Q: 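Dropping the structure in here first, questions after.
Worth saying up front: this structure is predicted, and the values here are computed from it rather than measured. Whatever order the structure lists ligands and atoms in, that order sets their numbers, starting from 1.
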Amino acid sequence: MSEHSASKSDIEKVAQFLAEAKRVIILSGAGVSKESGIPTFRDAQTGLWANFNPEELATPEGFLKDPPLVWKWYDHRRKLLEDAQPNPGHYAIVALEKFVPHLIVVTQNIDGLHQKAGSTDVVELHGSIRKFFCFDNAHDAKDVPYGLEEPPLCWCGSQLRPAVVWFGEALPSRLLMRAYAECENSDLLIVVGTSGLVQPAASLPFLGAQHGAKVVEVNPEETPVTDLADVFLKGPSGEVLPLVVAAVEKIRGAEA
Ligand code: BJW
């Protein structure tokens, strides 16, 4: 049974935006990976923050207070993600690349599923759960084994940590600057599966709109982006985005 309530005419409207766009940004959040079996953060009951304390697990202070606790939580999540597969939403985003001259994915997700699906230009604003650096000196580390009870040490003696962005930490400036520049120059932003609550990523749709981009949102729930959006496609991205791809294919077929 279909869970979405996006109308055919709204889907066609978004397909028309895509057919006319030259520069497109997909801004994604945890919701795009939910249909791959990965929990979001803020969904009631199933979200990670409904069951775990973000201050203990996703801040530098939490890491320093109890390094083994934080290490084991990320180790567990990294292991779960190893077997996770992209869903139709991720694949639809890959398919959109062939319809527009320039399309990038700016994601808050650390799961690597956009790349696994085949997206070619992905900006990981909040880092990657598969990478590591040391806490004190940010030296990169490779080939970190699973199953350790505490963070291993870098050659400099500092503890390793996952290369993700915790609360209170700056996002990688080169990536954030690129995301800002892309928003200022895009025709269309498609905001998928994010609650739009975490800064600075949450400001990107507003920046794009200020610079004249159309904004489309895909989400089963309304968010702070919904009022800004030119079109709100209500529903799970794994259902809604393939319909958008089919509608663009129809336009392209009619043009050929
Ligand atoms: C579906 C679906 C389906 C469900 N299909 N959709 C007050 C005001 C403004 C800002 C602040 C403030 N107080 C503190 C701040 C700053 C803070 C912040 O924004 N806090 C807010 C929560 C208030 N931000 C920061 O600290 C950031 N850094 C910063 O500001 O630095 C400043 C600085 C500058 C210079 C020097 C030093 C500092 C860093 C933020 C880092 C966020 N990190 C996390 C954890 C990453 C690692 C990990 O995974 O463990 O990133 S938190 C978590 O939230 C994760 C996510 O990327 C991020 C966003 O969540 P997302 O993706 O939106 O997920 P959800 O769960 O919130 O939403 C899912 C959505 O999907 C929902 O809408 C569902 O409806 C939908 N959905 N099923 C499509 N099938």
Side-chain angles (χ1 to χ4, degrees), residues 2-6 26-63 69-78 80-81 86-90 92-93 105-114 123-132 161-173 175-177 190-206 216-226 229 232-244:
S2 172
E3 281 183 49
H4 76 88
S5 59
I26 310 291
L27 175 64
S28 74
V32 78
S33 295
K34 188 165 175 182
E35 289 151 273
S36 295
I38 301 170
T40 64
F41 293 90
R42 294 172 185 80
D43 283 348
Q45 278 136 22
T46 58
L48 289 174
W49 298 156
N51 299 295
F52 299 98
N53 180 349
E55 282 169 23
E56 279 176 14
L57 295 164
T59 63
E61 295 78 14
F63 178 74
L69 177 80
V70 175
W71 182 264
K72 283 187 278 184
W73 191 60
Y74 278 95
D75 185 61
H76 173 70
R77 288 175 61 206
R78 179 164 67 117
L80 290 179
L81 281 170
N87 66 59
H90 294 105
I93 291 168
V105 178
V106 175
T107 188
Q108 297 165 84
N109 298 345
I110 60 170
D111 57 31
L113 287 181
H114 285 297
V123 175
E124 291 181 310
L125 279 184
H126 291 169
S128 165
I129 199 165
R130 291 186 183 81
K131 296 182 183 157
F132 299 87
R161 54 161 286 181
V164 301
V165 181
W166 285 327
F167 286 113
E169 294 188 313
L171 277 64
S173 63
L175 301 186
L176 185 59
M177 289 307 131
I190 305 186
V191 185
V192 187
T194 175
S195 57
L197 294 174
V198 176
Q199 296 293 352
S203 67
L204 294 173
F206 294 85
V216 169
E217 183 179 40
V218 179
N219 198 311
E221 307 293 336
E222 294 194 10
T223 75
V225 177
T226 311
F232 173 50
L233 298 179
K234 187 171 166 61
S237 44
E239 284 189 29
V240 170
L241 288 175
L243 297 175
V244 172

Q: Report, in ascending order of atom number, the atoms of ligand 1 lying under 4.0 Å from any heavy atom of Pro236.
A: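 Heavy-atom distances to Pro236 below 4.0 Å select 3 (C), 5 (N), 80 (N).
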
Q: Show me which atoms of ligand 1 lie under 4.0 Å from any heavy atom of Leu197.
A: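 Every atom of ligand 1 under 4.0 Å from some heavy atom of Leu197: 19 (O), 21 (C).
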
Q: I'd like to check which ligand 1 atoms, numbered from 1 as shown, lie under 4.0 Å from a non-hydrogen atom of Trp166.
A: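 Contacts of ligand 1 toward Trp166, numbered from 1: 39 (C), 41 (C).
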
Q: So is Gly168 close enough to ligand 1, meaning a heavy atom under 4.0 angstrom away?
A: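 True for this residue.
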
Q: Should the proximity of Tyr74 to ligand 1, defined as any heavy atom under 4.0 Å, be assigned to the side chain, the backbone, both, or neither?
A: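 Within the 4.0 Å criterion, Tyr74 contacts ligand 1 through side-chain atoms alone.
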
Q: Heavy atom of Gly47 under 4.0 Å from ligand 1?
A: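 It does not; every heavy atom stays at 4.0 Å or beyond.
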
Q: Does the residue Arg77 have a heavy-atom contact with ligand 1, meaning some pair of atoms that are separated by less than 4.0 Å?
A: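 A heavy atom of Arg77 does come that close to ligand 1.
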
Q: Just going by heavy-atom distances, which of Ala170, Ala163, Gly196, Pro54 is nearest to atom 35 (C) of ligand 1?
A: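 Selected option, by shortest heavy-atom distance: Ala170.
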
Q: With heavy-atom distances below 4.0 Å as the criterion, list the atoms of ligand 1 near Glu35.
A: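 In order of number, 3 (C), 5 (N), 80 (N).
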
Q: Among all protein heavy atoms in this structure, tell me which lies nearest to atom 9 (C) of ligand 1, with the distance rounded to 0.1 Å.
A: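 Ranked first by proximity to atom 9 (C) of ligand 1 is Gln199 CG, 3.8 Å.
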
Q: So is Gly193 polar-close to ligand 1, meaning N/O to N/O under 3.5 Å?
A: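 Yes, there is a polar N/O contact under 3.5 Å.
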
Q: Which ligand 1 atoms, with their elements, are less than 4.0 angstrom from a heavy-atom of Glu221?
A: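 By the 4.0 Å cutoff, the relevant atoms are 75 (O).
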
Q: Looking only at protein heavy atoms, which one is nearest to atom 57 (O) of ligand 1, and what is the separation?
A: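 The closest heavy atom on the protein side is His126 ND1, 2.8 Å.
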
Q: Just need the protein heavy atom nearest to atom 41 (C) of ligand 1, so name the residue and atom and give the distance.
A: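 Checking every protein heavy atom, the shortest distance to atom 41 (C) of ligand 1 gives Val165 O, 3.3 Å.
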
Q: How would you list, by chain and number, every residue that makes a side-chain hydrogen bond (donor to acceptor under 3.5 Å, both in side chains) with Ser28, sequence neighbours excluded?
A: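 Thr107, His114.
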
Q: Please report whether atom 14 (C) of ligand 1 has a protein non-hydrogen atom at a separation of less than 4.0 Å.
A: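 No.
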
Q: Check Gly238 against Pro88 and note the closest heavy-atom contact, atom names and distance.
A: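 Where Gly238 meets Pro88 most closely, the heavy atoms are O-CB, 3.5 Å.
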
Q: Is it the case that Arg161 places NZ or CZ above or below the six-membered ring of Trp166, under 6.0 angstrom from the centre and within 45 degrees of the axis?
A: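 Arg161 over Trp166 ring: yes.
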
